[in-house]
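Not measured: the values here are computed from a predicted model.
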Amino acid sequence: MSAPTAVLYDVPGPKARARNGALGVVAVIVVAALLAFVIVRLVATGQFEGRVWEWILYENIQLALLEGLLNTLRAFAVGAVLALAFGAVFALGRLSDHAWVRGISTGVVEFFRAVPLVVLMFIFYFGMPSAGITVSTFTAVVLALTLYNGSVLAEIFRSGVQAVPRGQSEAAYALGMRKSAVMRFVLLPQAVRSMLPTIVSQLVVLLKDSALGFLILYPELLYQARVLGSSGQLGRPLLPVAIVVAIVYITLCLLLTALANYLERRTRRTSPAPAVPADGAV
């Protein structure tokens, strides 16, 4: 008798489960050993001594880190909103019935997905002045985040809509609904629920990508960390500053993930689909 199968893979049998469990134990031991080695080296080099962490008590340094955090959140918030809008527009373009709309949308999405984020930032901040257009570091960071992550989100939106069983849209068309109504009342409500974890994962990537702004001297959190960590007056506490900044980034990502889980649970508790107009009009 064959083993039962899941949607994406075959359900492992007893031997596979035992092998996976052994590999998991070995992986945990290796990671724990590496972590212990790092901690031992940090203790041996005095990185946890009080004098190394005195800088964090200075008010000016706390304000500098707070300013960097606010700049990071500002770039993330604006970039996330614009990227979601960009992704929605070009996802609809890729799903259009008109070939020229699909062609243009596909070209834009594939182009900005292929260009590295750092290159986009450099083009906007260092390249645009040669064309007589000067942008601030904030604008360059936001534009790069919007175009790159928006292109990825466009593919997520398109895949989410296309993942809804075809029978759903065929039944809606059979009831006389137009395409826009089918999209709004049938496909999108179901697609958003399945896409939400992936969308949030991409927003977490966008949040971390904002740290690349330090390359064009945007005063975000990582930029402030580099300035503080290389300060000779503070004893160049690069490693302690990096640890603090890493904890801040991890906390932000966990908060964003918790928000996504909350929204997902809340969405699942709501009604399965919104009310549809009787005539299915746009």
Side-chain angles (χ1 to χ4, degrees), residues 6-9 31 68-95 105 108-110 112-118 120-121 138 141-165 168 183-214 218 220-222 244-274:
V7 176
L8 299 178
Y9 56 88
V31 172
L69 175 61
L70 293 178
N71 286 333
T72 294
L73 294 176
R74 191 160 62 105
F76 164 72
V78 178
V81 171
L82 294 179
L84 288 170
F86 182 96
V89 169
F90 282 93
L92 291 176
R94 295 207 64 184
L95 294 170
S105 301
V108 171
V109 169
E110 294 300 331
F112 286 113
R113 283 179 66 199
V115 179
L117 179 61
V118 176
L120 288 176
M121 286 187 186
F138 172 77
V141 170
V142 169
L143 286 176
L145 292 175
T146 298
L147 295 177
Y148 180 78
N149 291 280
S151 299
V152 178
L153 287 170
E155 288 299 274
I156 294 173
F157 293 156
R158 182 182 65 84
S159 302
V161 171
Q162 290 182 332
V164 177
Q168 299 280 336
M183 186 69 70
R184 287 162 51 197
F185 299 115
V186 177
L187 298 182
L188 285 181
Q190 300 180 69
V192 167
R193 292 171 192 155
S194 62
M195 291 186 296
L196 192 57
T198 310
I199 293 173
V200 173
S201 297
Q202 189 59 37
L203 293 180
V204 170
V205 172
L206 190 151
L207 173 62
K208 293 186 291 186
D209 285 347
S210 66
L212 295 174
F214 91 96
Y218 176 61
E220 46 76 51
L221 194 56
L222 186 59
V244 171
V245 171
I247 292 174
V248 173
Y249 272 113
I250 291 172
T251 303
L252 292 177
C253 293
L254 291 177
L255 290 175
L256 189 58
T257 303
L259 175 63
N261 293 332
Y262 168 75
L263 292 176
E264 186 178 10
R265 290 195 301 271
R266 186 178 178 84
T267 303
R268 291 183 185 280
R269 287 199 300 265
T270 58
S271 58

| field | Under 3.5 Å donor-acceptor, Tyr148 side chain and Leu206 backbone | value | no

| request: Can you measure from CZ (Arg94) to CD (Gln162) and round to the nearest 0.5 angstrom? | output: 8.0 Å

| Any Val161 side-chain heavy atom under 4.5 Å of Leu188 side chain | yes

| For Val164 against Gln168, the heavy-atom pair lying closest together | CG1-CG, 3.8 Å

| Heavy-atom side-chain contact between Val142 and Thr146 under 4.5 Å | yes

| Side-chain touch Met183/Leu95, heavy atoms, less than 4.5 angstrom | yes

| message | Please find the pair of heavy atoms, one from Phe90 and one from Val109, that lie closest to each other, and give the distance. | response | CB-CG2, 3.8 Å

| said: Is the shortest side-chain heavy-atom distance between Leu153 and Ile156 below 4.5 Å? | reply: yes

| task | Could you check if a side-chain atom of Phe76 sits within less than 4.5 angstrom of a side-chain atom of Leu252, using non-hydrogen atoms only? | result | no

| task | Side-chain contact test, heavy atoms from C-beta onward, threshold under 4.5 Å: evaluate it for Ser151 versus Val108 and give yes or no. | result | no

| Heavy-atom side-chain contact between Asn71 and Leu221 under 4.5 Å | no

| request: Output, in order, the C-alpha distance, side-chain angles, deciding distance and verdict of side chain to side chain contact (heavy atoms under 4.5 Å, CB included) for Leu259 and Val200. | output: CA-CA 9 Å; Leu259 175 63; Val200 173; over 6 Å; no

| note | All heavy atoms of Ala144 vs all of Leu120, minimum pair found to be CB-CB, 3.8 Å

List the atom pairs, with distances to 0.1 Å, where a side-chain N or O of residues 78-87 and a protein N or O form a donor-acceptor pair under 3.5 Å, not counting sequence neighbours.
none

| CG/Asn149 to CG/Leu203 distance, rounded to the nearest 0.5 angstrom? | 8.0 Å

| query | Between Thr72 (side chain) and Glu220 (backbone), is there a donor-acceptor pair under 3.5 Å? | reply | no

| request: With rounding to the nearest 0.5 Å, note down the distance linking CG in Leu145 to OG in Ser210. | output: 6.5 Å

| Can you name the closest pair of heavy atoms from Val152 and Arg113 and give their distance? | N-CG, 4.1 Å

| query | If you look at every heavy atom in Gly93 and Ser105, which pair is closest and at what distance? | reply | CA-OG, 3.3 Å

| Whether Gln202 side chain and Thr198 backbone form a donor-acceptor pair below 3.5 Å | no

| remark: Looking only at heavy atoms, the pair that brings Ala191 and Gly160 closest together is CB-O, 3.5 Å

